[in-house]
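Here is how names work: the chains are called A, B, and so on, in the same order as the sequence lines, proteins then strands, and each is numbered from 1.
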2 protein chains.
Amino acid sequence: MLIHDDCLNALKHLQPSSVDLVYLDPPFFTQKKHKQRNRDNSEEYTFDDCWESVDSYRHYIEDRLKVCHEVLRDSGSIFLHCDRTASHYLRFALDRVFGTSHFQSEIIWSFRRWSNAKKGLLNSHQVIFFYSKTDQFKFFQMYQSYSPATNLDQIFQERVRDKRGKSAYRKIGSKPILIDTKKGVPLSDVWDIPYLNPKAKERVGYPTQKPIALLERVLALATQEGDLVFDPFCGNGTTLVAAKLMKRRYFGMDLSSKAIQLAQHRLENPVKTHSELLQKGRDSFRNQSTDIAEFLQQINAYPVQRNKGIDGFLKDGERIKPIPVKIQRHEESLDEARKKLLRACKSSDFDKKLLISFEAPSLSCDLKHNFYVIPSVLASYELISSTLLKGTSS
Amino acid sequence: MLIHDDCLNALKHLQPSSVDLVYLDPPFFTQKKHKQRNRDNSEEYTFDDCWESVDSYRHYIEDRLKVCHEVLRDSGSIFLHCDRTASHYLRFALDRVFGTSHFQSEIIWSFRRWSNAKKGLLNSHQVIFFYSKTDQFKFFQMYQSYSPATNLDQIFQERVRDKRGKSAYRKIGSKPILIDTKKGVPLSDVWDIPYLNPKAKERVGYPTQKPIALLERVLALATQEGDLVFDPFCGNGTTLVAAKLMKRRYFGMDLSSKAIQLAQHRLENPVKTHSELLQKGRDSFRNQSTDIAEFLQQINAYPVQRNKGIDGFLKDGERIKPIPVKIQRHEESLDEARKKLLRACKSSDFDKKLLISFEAPSLSCDLKHNFYVIPSVLASYELISSTLLKGTSS
DNA sequence: TCCAGAGATGAATCCACCC
DNA sequence: GGGGTGGATTCATCTCTGG
């Protein structure tokens, strides 16, 4: 259900104590007008985030939070999305409306972002406050995998306390007792979820669009199938799309009729980016074994992850053009490795190329292609820099 | 320099406008008494974090922030460490004393933690607010490496704007032009720095001890050699130790004489954990190639990272004991793989073991050792679960 | 019914020992 | 002797009990 109205009037359309989850992404008090054009430039979406004063902003928010509180069931929760500009005001308002003791989590949505360097740190997170209406709230624990540094062997061993109260592993004879497989680590409050890619199909051109994956996680934590989800500032309707995909009922409101139209349209044809990054996580792109990574570090090169022919680029401030490096794999012949590197370089104008080989007998150089081969046993930053980096061609 | 006194009196010891960086880690308004014993149980360190009301806490902090503001140079900055309990109050205080426009960053210190599960998300971050005294503040940009998902090839291509103002890659003929090597991505405001390990030598037994690595990053961002660093709640003196190691001058105050003694002692013998984790990052423990990881996922097994003989454990809720799995590598013979798995299992009472082999001709089972070998071409969750997981022994 | 304090808990990490 | 792996330790915890 979608209503074009101020959410202050939500009670005209919703029963009190009927909603299981409120997710809202209100204006952030940026004091700016936000605009963005859609894909074919035919429409411009805007919203206004300018206020007379902090106080008027605070009142505006607090009044609407009160309505949210009223429509929520006792077992319900609210997730409030904010950026750093006014997060403290928003949390204050939540404390007042929901009560300090119903604060559950400060969720950090962390993402990687491309941006020009400014003075200072690159802002790459937003905050989601999670409050429950009462102490008895719906919550479905999720688990994440153990850290790679964890000693899993040991985690599976049963423990007891000895007489002095120290913990020890229970053993029969010399062998420890194994216990049932564990589920993993409870989900942390720092969520690394990629930002909606500028080219993602999921994008509809509305400002501040959130990835569906983020909303899916929120819905999975606090609702079941059939539950009612309410988004009082629904905008382009990401929350509602996520709800629809996950078989929750949904109700959205927005002051902009264009937003409502857009959301309506999205709900009829929900598109979710099938992104490998979103599904498998950033690390799935890491295809280098640690050996290779260490080798690259040794010769002072940047690692490159998504290229079969190039493993890294040599770092050197004085050179204008980077030099691609490939490290021969044990399952590759020297000639195969050579071909892969050349193929990968075909479409660019690298002037020199470097192959590190474990089977080449000595340093060699094919001057026609400016192709250097260095045996891995000799490879060092010093040798490389004296051979390749000195004769700079710009 | 270390002074045993309330930092409200800092001006007795410090000139106004003399300090380059203030880092503080004040009480968090947890309304609890915090204690911890040191390594050999000879000393107990405590501090009190109980307050009459939020207001008294707020005043306490605000008064001390005013002193910090006064001792700071115009080019100086303040980093205020807080947890989620009262971060909004602290930020209000900073806004009032330093001015909203001097807010620079909300830094998220994120870590992995071990704690028993509760209803809700596992709290695993703390917040550091970064404010500058003026707009002209010292800041030394740091860079981190590109995300593995980044297409580095493309980053190195020069870009220009076309007539319509859209950016495009500059090409000569069909080949893109390569530009100078880049420095990396500007440091983000989400910092993943491991929590101080329970067994770390760096630990001195004082509650809430922060890792030196965290402080080093703060100091590197906002100070140079010789600069003066002030910690008004220095506790065990981590900030000062970091300052000393980085050749900054330092000044610490604390209300507890035990803390001052401890800090003094630490400064005389600064110990910093030489941690592989801190140096190389968590991913250095990941020694599995993506192929192996995908294979494990396919057969529904937990990956194990730190073991030459065991690559994973089969997941199954109904079984009592986990079953270790090894996947034969191409550079290993079947017999080597077999031996490695058996050796790794020696000290535990696993009842079944599974080896996935690319050279075994067919499924085989050594009943004496309960050792199963499955050819990799046949390996699937269905086969494995019907062969190994059904006949449960508890 | 609420609060304080005791008791149970669990995985991430460094360390030290062992081949 | 040096890399690998088992073991110990911890709680700006979390939960439960009893007064």
Side-chain angles (χ1 to χ4, degrees), chain A residues 101 135 143-162 164-171 174-176 179 182-186 188, chain B residues 25-39 41 45-50 81-87 109 111-127 192-211 213 233 235 271-282 284-285 287 302 304-310 340 343-348:
Chain A
S101 70
D135 288 335
Y143 295 88
Q144 58 188 98
S145 46
Y146 292 93
S147 154
T150 299
N151 188 349
L152 255 194
D153 265 9
Q154 196 181 344
I155 299 286
F156 289 129
Q157 295 174 21
E158 195 177 331
R159 273 197 323 184
V160 285
R161 296 240 169 224
D162 66 11
R164 305 206 325 284
K166 284 207 166 186
S167 111
Y169 296 99
R170 198 155 77 82
K171 292 184 176 185
S174 67
K175 291 195 173 185
I179 46 176
K182 311 247 175 145
K183 279 178 254 169
V185 194
S188 130
Chain B
D25 184 16
F28 286 169
F29 193 63
T30 52
Q31 299 290 36
K32 280 181 196 154
K33 250 197 178 135
H34 298 273
K35 332 178 192 191
Q36 203 179 328
R37 304 203 132 263
N38 70 350
R39 232 142 241 292
N41 257 349
Y45 300 101
T46 59
F47 71 78
D48 215 331
D49 186 12
C50 303
H81 195 121
C82 44
D83 89 337
R84 48 185 207 152
T85 334
S87 60
W109 172 35
F111 43 84
R112 290 194 148 239
R113 221 176 42 117
W114 47 103
S115 161
N116 98 33
K118 62 155 190 171
K119 188 173 175 183
L121 299 162
L122 191 62
N123 172 225
S124 48
H125 74 274
Q126 286 180 359
V127 174
D192 184 6
I193 295 181
Y195 200 79
L196 205 53
N197 187 275
K199 280 193 81 171
K201 279 205 187 122
E202 193 178 314
R203 254 181 198 276
V204 291
Y206 195 83
T208 79
Q209 189 176 342
K210 303 289 175 295
F233 296 88
V271 177
K272 187 186 155 193
T273 306
H274 170 84
S275 146
E276 198 184 3
L277 187 67
L278 283 171
Q279 283 210 322
K280 297 201 205 159
R282 208 158 356 248
S284 68
F285 282 84
N287 54 15
Y302 269 108
V304 168
Q305 302 285 351
R306 303 176 18 177
N307 197 309
K308 279 268 189 295
I310 300 176
K340 282 186 188 171
R343 179 146 35 90
C345 293
K346 211 174 45 182
S347 62
S348 286

When rounded to whole Å, the CG to C1' distance for the pair B/Asn197 and D/dC11 reads 12 Å

Produce the list of close N/O pairs, under 3.5 Å, pairing protein atoms with atoms of nucleotides 12-18 of chain D; give distances to one decimal.
{"unit_1": "D/dA12", "atom_1": "O4'", "unit_2": "B/His34", "atom_2": "ND1", "d": "3.2"}
{"unit_1": "D/dA12", "atom_1": "N6", "unit_2": "B/Pro26", "atom_2": "O", "d": "3.4"}
{"unit_1": "D/dA12", "atom_1": "N1", "unit_2": "B/Phe28", "atom_2": "N", "d": "3.4"}
{"unit_1": "D/dA12", "atom_1": "N3", "unit_2": "B/His34", "atom_2": "NE2", "d": "3.3"}
{"unit_1": "D/dT15", "atom_1": "OP1", "unit_2": "B/Lys119", "atom_2": "N", "d": "3.2"}

Using atom CD of B/Gln305 as one end and atom P of C/dA11 as the other, report the distance to the nearest whole Å.
-> 17 Å

To the nearest Å, how far apart are B/Lys340 NZ and C/dC19 C1'?
-> 15 Å

Only counting residues at least two apart or in another chain, list the ones meeting side-chain hydrogen bond (donor to acceptor under 3.5 Å, both in side chains) with B/Ser124.
-> A/Ser188, A/Asp189

Partner residues of B/Asn116 under the side-chain hydrogen bond (donor to acceptor under 3.5 Å, both in side chains) criterion, sequence neighbours left out = none

Return the set of residues passing side-chain contact (heavy atoms from CB on, under 4.5 Å) with B/Pro26 (not counting sequence neighbours), or none when no residue passes.
-> B/Leu24, B/Ile61, B/Leu80, B/Phe233

Are any side-chain N or O atoms of B/Arg343 and backbone N or O atoms of B/Gly309, one a donor and one an acceptor, separated by less than 3.5 Å?
-> no

Whole-Å C1' distance, D/dC11 and D/dT15 | 14 Å

Nucleotide C/dA12, atom C1' - distance to CZ of B/Phe111 in whole Å | 12 Å

Contacts of B/His81 meeting ring pair (Phe, Tyr, Trp, His ring centres under 6.0 Å) (sequence neighbours excluded), chain-then-number -> B/Trp109

side-chain contact (heavy atoms from CB on, under 4.5 Å) filter on A/Ser145, not counting sequence neighbours, yields none

Taking only Watson-Crick and G-U wobble pairs with both distances under 3.5 Å, what dot-bracket line describes DNA chain C, where [ ] shows pairs that cross earlier ones and | shows pairs with another strand?
-> .|||||||.||||||||||

Under the side-chain contact (heavy atoms from CB on, under 4.5 Å) test, which residues partner B/Lys119, sequence neighbours left out?
-> A/Phe137, A/Phe139

NZ of B/Lys308 versus P of D/dG6: gap in Å, rounded?
-> 12 Å

State which residues pass side-chain contact (heavy atoms from CB on, under 4.5 Å) with B/Trp114; sequence neighbours excluded, sorted by chain then number.
-> B/Tyr195, B/Pro198

Determine the interatomic distance between C1' on D/dT9 and the same-named atom on D/dT13; round to the nearest Å.
-> 15 Å

B/Trp114 side-chain proximity, nearest of C/dC15, D/dG4, D/dC11 | D/dC11

